[in-house]
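Structure, as structure tokens:
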Amino acid sequence: MLSSKVIKEAALAAGADACGISPMSRFDGAPDEMNPQFLFPEAKSCIGFVFRIPRGVQRGIEEGTQFYQYPSMAYGGINEIYAPAVLYQVGKVIEDEGYEAFVYRNTGARGVVSDMDGSPGNTLSPEEQIEVNEYAKTNTAHHRSVQFTRPAREGGVAPDLQFQFRIAAVACGLGEIGWSKMLLTPEFGPLQRVAFIFTDAEFDEYDQMYNGKPLCRKCGACVRECPGGCIPAINSGKTITVNLDGKVLEWGDIDMWRCYAFYTHAGRYYNPFVPKDVWDKNENGDLDLMEGVTDVADEKEIMKVYGALAKYFPSWVGYNMAKCGGCIRACVSVLEKKGGCMEDRFKEPLRTKKAWRLDR
């Protein structure tokens, strides 16, 4: 048995901003293809780590002056560099005590089901893969799931298993899920990334799931400021509900494919990198999704959008260049107001003027 105090101290010393520990039993009932209990059947505990996102990486997007820092620092920097280093250090502490540490950094869109719509990846046989593999690599870049995979043994699940990070963070007592599906923590609102360690060690104490004052104010700011209209209205009845070991989690049923398009490309009024005439011409109807001509948001429409707009800006550090951030900035702006969990966190508010919008 390990001391939760020792592990949390090690996590903070290594650079995590918060740490919580959950028994694996909280994942009972999760869909098999997203159940971390299959990752390591002997695991008894899940350790969650929070890594804060500096509010300043949103500043360039807020001002419309610099769009690189959020994807490079808040995505690439944390997911690829900082969090793995912390997982490594804490994992060593666990393994020095004779227990196994299954470190799990953010890998995103590597699951056997699509993180957009839950559809399964391709289930072709290995023989069929030979014929289509190269085609798939170049022509289905946005399927958002592992395409060629099958269980390695009877009773197992197909690799690569990708669990729901935000739900796992709630299980570890780190916060709650807001209406926009963002993880909210008492310390940082929506500004964090998370990573995990699964271990066969039991702990002397486990964290309770968050049951304090609601962090999401159900104000609808995220709905209003989403440039793609991807987030349903608070009173729409369009919700996703999950029962996590007796705790009911609920958030808006986000149009995830649409969000995928607008997060990267933002649309006519929020993307200063695409010439106006590209939107005006909308050649071959490739931008119908972005221009509101169609309500259909799926992989096919995403491929059309990316084909039309990808050339207007590069992609850095393996992450798409963020133009949007609308829901995050809206959420921060509200949570900094009186009564919000980010009240008095900063000397000056994130938003000091009306949010910008291109006049075209």
*Could you label the plane-to-plane angle of the Y306 and H265 rings as parallel, tilted or perpendicular, counting under 30° as parallel and over 60° as perpendicular?*
perpendicular
Is the closest side-chain heavy-atom distance between [X] and [Y] below 4.5 Å?
{"X": "R193", "Y": "N79", "answer": "yes"}
{"X": "F262", "Y": "C226", "answer": "no"}
{"X": "R217", "Y": "V334", "answer": "yes"}
{"X": "C172", "Y": "I47", "answer": "no"}
{"X": "D288", "Y": "V296", "answer": "no"}
{"X": "L39", "Y": "Y104", "answer": "yes"}
{"X": "D295", "Y": "R258", "answer": "yes"}
{"X": "D204", "Y": "S4", "answer": "yes"}

_Check against side chain to side chain contact (heavy atoms under 4.5 Å, CB included), E343 and K337_ = CA-CA 6 Å; E343 183 183 8; K337 292 181 169 61; over 6 Å; no
Are [X] and [Y] connected, step by step, through hydrophobic side chains (Ile, Leu, Val, Met, Phe, Trp, Tyr) whose heavy atoms are closer than 4.5 Å?
{"X": "F346", "Y": "L335", "value": "yes"}
{"X": "V6", "Y": "L87", "value": "no"}
{"X": "F67", "Y": "Y312", "value": "yes"}
{"X": "V170", "Y": "I240", "value": "yes"}
{"X": "Y269", "Y": "V278", "value": "yes"}

Return the [atom1] to [atom2] distance between [X] and [Y], rounded to the nearest 0.5 Å.
{"X": "I167", "Y": "D245", "atom1": "CD1", "atom2": "CG", "answer": "12.5 Å"}
{"X": "K44", "Y": "Y206", "atom1": "NZ", "atom2": "OH", "answer": "8.5 Å"}
{"X": "F188", "Y": "R55", "atom1": "CZ", "atom2": "CZ", "answer": "13.5 Å"}
{"X": "R166", "Y": "L174", "atom1": "CZ", "atom2": "CG", "answer": "14.0 Å"}
{"X": "L350", "Y": "C331", "atom1": "CG", "atom2": "SG", "answer": "11.0 Å"}
{"X": "Q69", "Y": "Y75", "atom1": "CD", "atom2": "OH", "answer": "15.5 Å"}

*Can you list the steps and then say if C216 with W251 is a side chain to side chain contact (heavy atoms under 4.5 Å, CB included)?*
CA-CA 10 Å; C216 179; W251 59 88; over 6 Å; no
Say whether, by atom type as modelled, one donor and one acceptor occur between the side chain of [X] and the main chain of [Y] under 3.5 angstrom.
{"X": "S236", "Y": "P232", "answer": "no"}
{"X": "D207", "Y": "G173", "answer": "no"}
{"X": "T199", "Y": "E100", "answer": "yes"}
{"X": "K181", "Y": "I177", "answer": "no"}
{"X": "W257", "Y": "K300", "answer": "no"}
{"X": "S45", "Y": "A201", "answer": "yes"}
{"X": "N271", "Y": "F273", "answer": "yes"}
{"X": "Y68", "Y": "M73", "answer": "no"}

Can you tell me if [atom1] on [X] sees more than 12 non-hydrogen neighbours from other groups inside 6.0 Å?
{"X": "M256", "atom1": "CE", "result": "yes"}
{"X": "Y88", "atom1": "OH", "result": "no"}
{"X": "K238", "atom1": "NZ", "result": "no"}

[X] versus [Y], closest heavy-atom pair with distance:
{"X": "V86", "Y": "A11", "answer": "CG1-O, 4.2 Å"}
{"X": "L184", "Y": "G178", "answer": "CD1-CA, 3.9 Å"}
{"X": "D255", "Y": "A297", "answer": "OD1-CB, 3.6 Å"}
{"X": "A158", "Y": "V112", "answer": "O-CG1, 3.2 Å"}
{"X": "W356", "Y": "P272", "answer": "CH2-CD, 4.3 Å"}
{"X": "N106", "Y": "V194", "answer": "CB-O, 4.4 Å"}

*For the pair T294 and E301, evaluate side chain to side chain donor-acceptor pair (under 3.5 Å) and give the outcome as yes or no after the intermediate values.*
CA-CA 9 Å; T294 178; E301 289 297 323; 5.3 Å; no
*Can you run down the side-chain hydrogen bond (donor to acceptor under 3.5 Å, both in side chains) pairs that involve residues 23-33, sequence neighbours left out, and say none if there aren't any?*
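Qualifying pairs: D28-Q37.
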*Stepwise ring pair (Phe, Tyr, Trp, His ring centres under 6.0 Å) test for F196 and F102*: CA-CA 8 Å; F196 299 88; F102 186 135; over 10 Å; no
*Step by step, would you call M290 with N282 a side chain to side chain contact (heavy atoms under 4.5 Å, CB included)?*
CA-CA 10 Å; M290 308 298 289; N282 186 14; over 6 Å; no
*Mind running side chain to side chain contact (heavy atoms under 4.5 Å, CB included) on I197 and F49 for me, showing each step along the way?*
CA-CA 8 Å; I197 291 178; F49 303 82; 3.7 Å; yes
*Are F198 and F163 close enough that their ring centres sit under 6.0 Å apart?*
yes
*asked:* Is it true that T107 and Q162 share a donor-acceptor pair across their side chains at a distance under 3.5 Å?
replied: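 Side-chain D/A pair, Q162 to T107: present.
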*Any residue meeting salt bridge (charged side-chain N to carboxylate O under 4.0 Å, His left out) with D200, in chain and number order, not counting sequence neighbours*: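 Per chain and number, D200 pairs via salt bridge (charged side-chain N to carboxylate O under 4.0 Å, His left out) with no residue.
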*Please identify each residue that fulfils side chain to side chain donor-acceptor pair (under 3.5 Å) with Q192, with sequence neighbours left out.*
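For Q192, the residues satisfying side chain to side chain donor-acceptor pair (under 3.5 Å) (neighbours in sequence not counted) are T185.
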